[in-house]
**Q** 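This is the structure I have questions about; it appears just below.
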2 protein chains.
Amino acid sequence: MEKTDITKSEWEVMRIVWTLRETTSSQLTDILSKKMDWSSSTIKTLLSRLCDKEFLGIKKDGRKNIYYSAIKEQAAYDMSVKRVFESMCCMHYGETLHDVIENIELSKSDIDSIIDVLKKKRDTAPEEVHCKCLEE
Amino acid sequence: MEKTDITKSEWEVMRIVWTLRETTSSQLTDILSKKMDWSSSTIKTLLSRLCDKEFLGIKKDGRKNIYYSAIKEQAAYDMSVKRVFESMCCMHYGETLHDVIENIELSKSDIDSIIDVLKKKRDTAPEEVHCKCLEE
DNA sequence: TTTTATAGTCTACAATTGTAGACAAAAGAA
DNA sequence: TTCTTTTGTCTACAATTGTAGACTATAAAA
């Protein structure tokens with residue numbers, strides 16, 4: 001198999017791996033069988049697909065597998081958000097960001113740093129963004 | 001078939017429909033066969049799936065189909081961005097937003113309105129956001 | 001050491017998605 | 001009015017995804 005996106009189910013696994021830095025299929029099963037109501041088989045399948053896609057790596061500890069992330073968490077998030085924005089009409093970027101910001105939890109320092117980048121961006125920002133949906 | 005997400009290929013169709021408000025399969029074919037290198041069959045299949053999923057509606061004009069969007073464009077974007085954020089660790093929301101903002105086009109008024117909502121949010125924002133990836 | 005519980009690897013199978021050909025009906029052209 | 005092009009509807013088929021059972025090799029327990 002080759003590299004595609006991380007799927008909805010796979011994100012669940014990846015998040016745990018990132019949080020724990022490394023883990024085993026039984027630890028994942030403990031956590032995810034409750035939360036997601038998955039069988040251990042399901043988790044094992046997801047693990048092996050994530051390895052095929054090279055989002056996870058394996059270290060052997062005896063006959064046991066230790067899984068660790070092969071991509072940076074932040075990079076994965078950036079990529080996946082970038083993909084969503086790429087399928088949108090750019091005229092709606094602003095409102096979409098506005099709406100998402102209203103609905104997620106951000107710390108004061110997150111907010112400050114975002115305001116910061118926005119202010120920098122403002123200097124060179126256009127008055128208007130034009131729709132390119134019919135172009136090409 | 002029942003309602004799921006809009007897929008990558010389907011977004012291409014939806015964006016055109018939103019832009020044109022209503023359109024036909026031949027007009028879509030003109031636009032998308034070049035841009036996406038799709039056959040007219042492919043476009044027709046996507047149209048019929050989007051109708052099944054109730055993202056598009058059909059009006060008959062003689063024996064011709066006129067397709068129109070059955071969901072609001074902004075609502076679709078909000079939903080899909082929300083979904084992505086739901087698969088992320090909330091500790092990374094801030095940096096992810098920061099990164100996406102750096103890389104997309106925003107108008108001055110977009111920026112002002114986002115700064116605005118951020119400032120409002122700041123009053124009640126926590127000092128820190130905590131990871132919930134292992135909870136439940 | 002025999003039994004049992006684990007962890008790992010394969011195989012399975014339905015639903016969704018990407019992509020498109022086959023065929024029929026109607027409309028326009030000759 | 002017959003031929004040709006459009007358009008619509010069905011069917012097709014491989015790849016991906018969600019979900020999990022079967023079988024195997026150990027390791028732990030009795």
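Keep in mind the model is a prediction, meaning the values are calculated, not measured. The sequence lines fix the lettering, A, B, ..., with proteins before strands; numbering per chain opens at 1.
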**Q** From CG of A:L50 over to C1' of D:dG18, roughly how many Å is that when rounded to an integer?
**A** 13 Å

**Q** Does C:dG8 have its OP1 or OP2 closer than 4.0 Å to a side-chain nitrogen or oxygen of A:T24?
**A** no

**Q** Is the distance from OP1 or OP2 of D:dG8 to the nearest side-chain N or O of B:S25 less than 4.0 Å?
**A** yes

**Q** Would you call B:K53 and B:E10 a salt bridge, taking side-chain N to carboxylate O under 4.0 Å as the test?
**A**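 Salt bridge present between B:K53 and B:E10.
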
**Q** Calculate the interatomic distance between B:L47 atom CG and D:dC10 atom C1'; express it in whole Å.
**A** 15 Å

**Q** Which comes earlier along DNA chain D counting from the 5' end, the contact point of A:T7 or that of B:S40, where each point is its nearest nucleotide?
**A** B:S40

**Q** Taking only the side-chain heavy atoms of B:K53 (C-beta and beyond), determine which of C:dT17, D:dG18, D:dG8 contains the nearest atom.
**A**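 Of the candidates, C:dT17 comes closest.
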
**Q** For A:S109, enumerate each residue passing the side-chain hydrogen bond (donor to acceptor under 3.5 Å, both in side chains) test, keeping only those at least two apart in sequence or located in another chain.
**A** A:S107

**Q** Nearest-Å distance, NZ (B:K8) to C1' (D:dT16)?
**A**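 It is 15 Å, rounded to the nearest whole Å.
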
**Q** Going by an N to O cut-off under 4.0 Å, is there a salt bridge joining B:E135 and A:K35?
**A** no

**Q** Whole-Å distance between C:dT9 C1' and A:K64 NZ?
**A** 17 Å

**Q** I'd like to compare against my own output: the B/S/- annotation of nucleotides 19-29 of chain D with a strict under-4.0 Å heavy-atom distance to protein.
**A** BBBB---SS--

**Q** Rounded to whole angstroms, how far apart are CG on A:D5 and P on D:dA15?
**A** 18 Å

**Q** Whole angstroms only, please: what is the CD1-P distance between A:I66 and C:dA7?
**A** 12 Å

**Q** B:I43 has an atom CD1; how far is it from atom C1' of C:dG21, in whole Å?
**A** 15 Å

**Q** Answer yes when A:K132 and B:E105 have at least one side-chain N-carboxylate O distance shorter than 4.0 Å, and no when they do not.
**A** yes

**Q** Under 4.0 Å between a side-chain nitrogen and a carboxylate oxygen: does that hold for A:K108 and A:D112?
**A** no

**Q** How many whole angstroms separate atom CD of B:E10 from atom P of C:dT17?
**A** 6 Å

**Q** What class does the angle between the rings of A:W11 and A:W18 fall in, given that below 30° is parallel, 30 to 60° is tilted and above 60° is perpendicular?
**A** tilted

